[in-house]
Amino acid sequence: LYETNPLPEICGRICTHKCEDVCSVGINGDALSIRWLKRYIADQIDSSDYKEILNTQEIYKNDKKVALVGSGPASLSAAYYLSLLGYNCTKLEKAGGMMRYGIPSYRLPYDQIDKDIDYILSLGVNIEYNVNVDAKKFAELKDNFDVVYIGTGLHLGRSTGIPGTDHEHVFQSIDLLREITEGKEIMVPEKVVVIGGGNVAMDITRSMARLQMKKYGKVQVIATSLESEENMPADREEVVEAREEDAIVNPGWGPKSIEIVDGKIKGLHVVKCLSIFDEEGRFAPKFDDDNKNFFEADMVVESIGQGMDMSYLSDDLKEELKFGPRGRLDVNEYFQSSLDWLFVGGDMVQGPDVIHGIANGHKAAIGIDNLLNK
Ligand SMILES: Cc1cc2nc3c(=O)[nH]c(=O)nc-3n(C[C@H](O)[C@H](O)[C@H](O)COP(=O)(O)OP(=O)(O)OC[C@H]3O[C@@H](n4cnc5c(N)ncnc54)[C@H](O)[C@@H]3O)c2cc1C
Ligand code: SF4
């Protein structure tokens, strides 16, 4: 397992398991449950036995230093493989990644996250918590380390920008999920509409459904998306499970406006979505304005994707760096940016899930070794 994946407890539970889509056993029945097998294997081994089994009791350290900003799966993966190669890795983390603060604990228990991460840290990876890397800190990292790796993910919620989104009871899913994880008391009204059809939208839909069930003994959450049922980006099982929790998933609608009467949200006006992309594959949704619907709500949650915050890159650095489509940093096959000493990984360059981050973090570790071991 560890040759290609240093987060087996995590992936064994929440991996998007695309491997099963191409499993040849699936041609004549169900694919092998590769994800659950991974979980089963990892669950059998006590963490105190890892070092002996993986032969990592002693690792020779060289004098090269790598700073890794963020502690998501991409930077954990890079730190793991770099540590095995003898590099001195220091991770800087401001809060805690999507795996802990985004994915609800009923899908990914925290002790399983800790089991994977503690093993990586036990290989001598330093981690500095509560460090928000800003432009000044970033300049220090550049001066004091041989390589800087950034895997700071996508953490800024995006808004549809439709009329009414500036109301105080319109929230971003990512903010609410974090508050729920932190145990904060959040607003739980009787009627909620979630805009979005991806896994994050399903997570907030189910989380709100559970909170409503606890508070009112019934669920009134509607999740709606531009995509039709068959094109929803969420995993099928997430949609099925949201419905099993009594949430309504009503896809194929475009949000038009949030109705507000006397300062209170009344609901979301939508029109039928006919298509989302134009012939060139650009985002250009078309609607049937005569086919309208209205979803009653006291609160609206937007869950239409996240943007990145790279405010730690100074203007001078941004001038020097090359950017590709959608403002993403341009990287080569080893996830090295146009500046030799700067590598990038995770959702910032290639999402949308944990296993992509693990894979590109691994590739970056190989690229960093190629650079520093010349
Ligand atoms: C609600 C939700 C559910 C999801 N469900 C799944 C799922 O079931 N399966 C799956 O495979 N994927 C899922 N994902 C996606 C998955 O979590 C991400 O693809 C993955 O975590 C991205 O990893 P990353 O390495 O890019 O960084 P992230 O996990 O995003 O972590 C980035 C880290 O950088 C830190 N950081 C950011 N800026 C700074 C700074 N300036 N200074 C210091 N630290 C900083 C952040 O605090 C964070 O810890 C889900 C995401 C969300 C939001
Ligand atoms: S980590 Fe890889 S092999 Fe394991 S379930 Fe995910 S995609 Fe499949």
Side-chain angles (χ1 to χ4, degrees), residues 1 4-23 31-39 41-42 67-79 91-105 107-108 113 117 127-138 141 149-157 172-178 180-181 196 198-207 233-235 237-238 303 305-306 308-313 335 344-361 364:
L1 285 185
T4 53
N5 188 337
L7 301 173
E9 291 286 13
I10 292 169
C11 286
R13 285 169 173 80
I14 54 86
C15 183
T16 45
H17 60 112
K18 299 291 181 216
C19 53
E20 294 172 23
D21 294 347
V22 292
C23 172
L32 288 181
S33 297
I34 301 168
R35 176 175 58 174
W36 299 143
L37 285 170
K38 178 161 285 172
R39 170 179 170 172
I41 296 168
L68 302 105
V69 186
S71 63
S75 106
L76 283 165
S77 167
K91 290 166 68 61
L92 302 107
E93 169 54 48
K94 72 170 174 189
M98 280 300 180
M99 295 187 300
R100 194 177 302 266
Y101 285 102
I103 303 175
S105 59
R107 287 209 290 126
L108 180 57
I113 303 180
I117 294 180
I127 184 156
E128 295 178 16
Y129 292 105
N130 303 318
V131 180
N132 181 21
V133 174
D134 55 13
K136 184 166 169 267
K137 182 76 185 170
F138 197 80
L141 297 179
Y149 176 92
I150 47 177
T152 49
L154 306 177
H155 290 254
L156 297 179
Q172 291 292 326
S173 57
I174 212 72
D175 299 336
L176 281 185
L177 284 165
R178 177 176 283 270
I180 292 170
T181 303
N199 282 331
V200 181
M202 291 307 112
D203 276 342
I204 191 63
T205 297
R206 292 178 66 189
S207 297
D235 289 343
E237 65 205 26
E238 292 300 319
S303 190
Q306 291 95 239
M308 67 183 105
D309 176 5
M310 289 193 291
S311 51
Y312 46 79
L313 296 179
F335 294 86
V344 195
D347 280 357
M348 292 178 76
V349 283
Q350 186 202 49
D353 51 18
V354 168
I355 190 59
H356 275 88
I358 291 172
N360 64 49

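Counting starts at 1 for both ligands and their atoms, in listed order.
Ion pairing between a basic and an acidic side chain is recognised when a charged N comes within 4.0 Å of a carboxylate O; Lys18 and Asp353 show no such pairing. One finds no salt bridge joining Arg100 and Glu93 here, because no Lys/Arg side-chain nitrogen approaches an Asp/Glu carboxylate oxygen to under 4.0 Å.
Here atom 24 (P) of ligand 1 lies nearest to Pro73 when heavy atoms of Gly357, Pro73, Ser71 are compared. With distances taken over non-hydrogen atoms, the option nearest atom 14 (N) of ligand 1 out of Leu76, Ile150, Asp309, Ile103 is Ile103. For atom 44 (N) of ligand 1, the nearest non-hydrogen atom from the set Lys94, Met348, Lys91 belongs to Lys94.
Checking only distances, His155 does come within under 3.5 Å of ligand 1, N or O to N or O. At a 3.5 angstrom cut-off on N or O pairs, Leu154 does not count as close to ligand 1. Here's the thing with Arg178: none of its N/O atoms is less than 3.5 angstrom from an N/O atom of ligand 1. For ligand 1, the polar-atom distance check against Ile355 finds no nitrogen or oxygen pair separated by under 3.5 Å. The shortest N or O to N or O distance between Arg107 and ligand 1 is under 3.5 Å.
Shortest contact from atom 8 (Fe) of ligand 2 to any protein heavy atom: Cys19 SG, 2.1 Å. For atom 6 (Fe) of ligand 2, the nearest non-hydrogen atom of the protein is Cys15 SG, 2.2 Å.
Within ligand 1, counting atoms from 1 as listed, the ones closer than 4.0 Å to a heavy atom of Ala74 are 25 (O). Annotation for ligand 2: atoms under 4.0 Å from non-hydrogen atoms of Arg35 are 5 (S). Below 4.0 Å from some heavy atom of Ile34 lie the following atoms of ligand 2, by number and element: 3 (S).
Contacts between Cys11 and ligand 1, counted as non-hydrogen atom pairs separated by less than 4.0 Å, are absent for every part of the residue.
For the side chain to side chain contact (heavy atoms under 4.5 Å, CB included) with Pro73, the lone residue among Val354, Ile117, Asp347, Asn360 that qualifies is Val354.
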